[in-house]
Amino acid sequence: MMTLKKRFYITSILSVILATLSWGYKDANSELPTFLNILVGIVISYMLLFYLFKTGKLKTNWTSSIIKIIVYISGISLLIFGINMANRIDDDQESFWVVNHNIWLTDLFGILLALLIFYIIFSWAFEQWTKIQTLKNDKAKAELELLKTQINPHFFFNTLNNLYSLIKKDPDTAQEYVLKLSDMMRFTIYDGKEETVPLEEEIKYLTNFIELQTARYHKVIDIDFKHRISNKDYPIPPLLFIILLENSFKHGVEKLINQSFIHIELQENDTQILFTIKNNYDPDTHIKSEGIGLENLQDRLNLLYPNGRHKLTISNQNQVYFVTLELYKS
């Protein structure tokens, strides 16, 4: 962004150059010195008006686009007028303005006119591109917020049902888990609104969820959550893994009578974050529909990690679900 001081320096130098050219021209019959003096006046007037508007001493209701149009039209008109005036110089008479029968001032004004027109076209195209990108970003943010509002009720509906069952079975233990649920709600309501959270906080959230879920079942569950991270403060979008973990309970542990298991591993290194989860399920009660949770997760991933920056793989073999989510750091 050009500062007021920089504009002052540029317009001062330009005024001196134009005034010197006008003073050094000796042909009294030419209108060119008059044109150069007009340019000097316009440059000085521009600087004066810019200063008055910039400091608030003068105010206008004109929009910046209208001001730009006026400046562009004025600039093009002045350059065309300058070309017309320069062409009136006698190119058969050697002078400061004529070199080898070529009026170099005409060429100069022509180049400036071409550059101005190119700048106008380029700046307009760039402005339109910027507006399109801004609209896309705003649309992506709006879609992401909508997906978050869909995920949160979906999760808490199941969690509250789980807690209700636990309260009936063991009221004392339920008090402890109410605190865990409170911590999870704080994370979801407040931290969930942030663009990113530390990876360590996301792990704590998943751990609390596992404890709340396993507390409601009257059976032994082989559940193992391993996490190996090199940077516990690495920023990550919140609530990104919970759908995968929730599905492993909903479609696996909940349907199986015994010998159910969930094995989870979260790894973080210099290049990626790798989240893997596998669980067994009962083929007689298995439903092939992915549901809204997994669909929302895929939509979020497309918004947060576009252009191949993520990979979600889901496979099914020997009544065991394997899910792998890879998030690439660059």
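If you take CG on L301 and CG on L312, they are separated by 6.5 Å, rounding to the nearest 0.5 Å. Between L116 atom CG and F109 atom CZ the span is 13.0 Å, to the nearest 0.5 Å. In this structure, OH on Y321 lies 9.0 Å from CG on N279, to the nearest 0.5 angstrom. Rounding to the nearest 0.5 Å places NZ of K180 at 8.5 Å from OG1 of T207. Here the CD1 atom belonging to I277 is positioned 4.5 Å from the CD1 atom belonging to I264, to the nearest 0.5 angstrom. Annotation: the span from T324 atom OG1 to K311 atom NZ amounts to 9.0 Å, rounded to 0.5 Å.
Taking a 6.0 Å sphere around CG of D233, one finds it holds more than 12 heavy atoms contributed by other residues, nucleotides or ligands. When the shell of 6.0 Å around CD of Q128 is examined, it contains more than 12 heavy atoms from other residues, nucleotides or ligands. Residue Y328 places its OH atom among more than 12 non-hydrogen atoms of other residues, nucleotides or ligands, all under 6.0 Å distant. Around CG of D270, the count of heavy atoms belonging to other residues, nucleotides or ligands within 6.0 Å does not exceed 12.
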Y234 and I273: CA distance, side-chain angles, deciding distance, side-chain contact (heavy atoms from CB on, under 4.5 Å) verdict: CA-CA 10 Å; Y234 183 79; I273 294 175; 3.7 Å; yes

Verdict with reasoning, N280 to S260, per side-chain contact (heavy atoms from CB on, under 4.5 Å): CA-CA 6 Å; N280 56 346; S260 60; 4.1 Å; yes

side-chain contact (heavy atoms from CB on, under 4.5 Å) evaluation trace for V323 with T313: CA-CA 6 Å; V323 180; T313 305; over 6 Å; no

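Under the 4.5 Å side-chain heavy-atom criterion for Ile, Leu, Val, Met, Phe, Trp and Tyr, L115 and I120 are members of distinct hydrophobic clusters. No continuous path of ILVMFWY side-chain contacts below 4.5 Å connects L325 to L274, so the two sit in separate hydrophobic clusters. A continuous path of ILVMFWY side-chain contacts below 4.5 Å connects V178 to Y205, so both sit in one hydrophobic cluster. Hydrophobic clustering (side-chain heavy atoms under 4.5 Å, transitive across Ile, Leu, Val, Met, Phe, Trp, Tyr) groups I121 together with I76. In terms of hydrophobic clustering, with Ile, Leu, Val, Met, Phe, Trp and Tyr side chains grouped at heavy-atom distances under 4.5 Å, Y281 and F322 are assigned to different clusters.
Applying the ring pair (Phe, Tyr, Trp, His ring centres under 6.0 Å) criterion to F261, with sequence neighbours excluded, gives H263.
H251 and K255 get closest at one heavy-atom pair: O-CG, 3.8 Å.
Using a cut-off of 4.0 Å between Lys/Arg side-chain N and Asp/Glu carboxylate O, E268 and K329 are scored as salt-bridged. Look at R186 and D183 and you find a salt bridge, because one of the NZ, NE, NH1 or NH2 atoms lies within 4.0 Å of a carboxylate O, short of that distance.
The one candidate from E326, R300, Q298 that meets the side-chain hydrogen bond (donor to acceptor under 3.5 Å, both in side chains) condition with H310 is Q298.
A heavy-atom distance below 4.5 Å is not found between the side chains of N231 and L199. Two residues are said to be in side-chain contact when any heavy atoms from C-beta on lie closer than 4.5 Å; E265 and R228 meet this criterion. Residues F209 and T214 form no side-chain contact, since every pair of their non-hydrogen atoms from C-beta on lies 4.5 Å or further apart. When side chains are defined from C-beta on, H227 counts as touching I203, because their heavy atoms get closer than 4.5 Å.
Using modelled atom types, one side-chain atom of N269 and one backbone atom of T271 make a donor-acceptor pair closer than 3.5 Å.
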Can you give the donor-acceptor pairs under 3.5 Å from side chains of residues 236-245 to other protein atoms, not counting sequence neighbours?
none

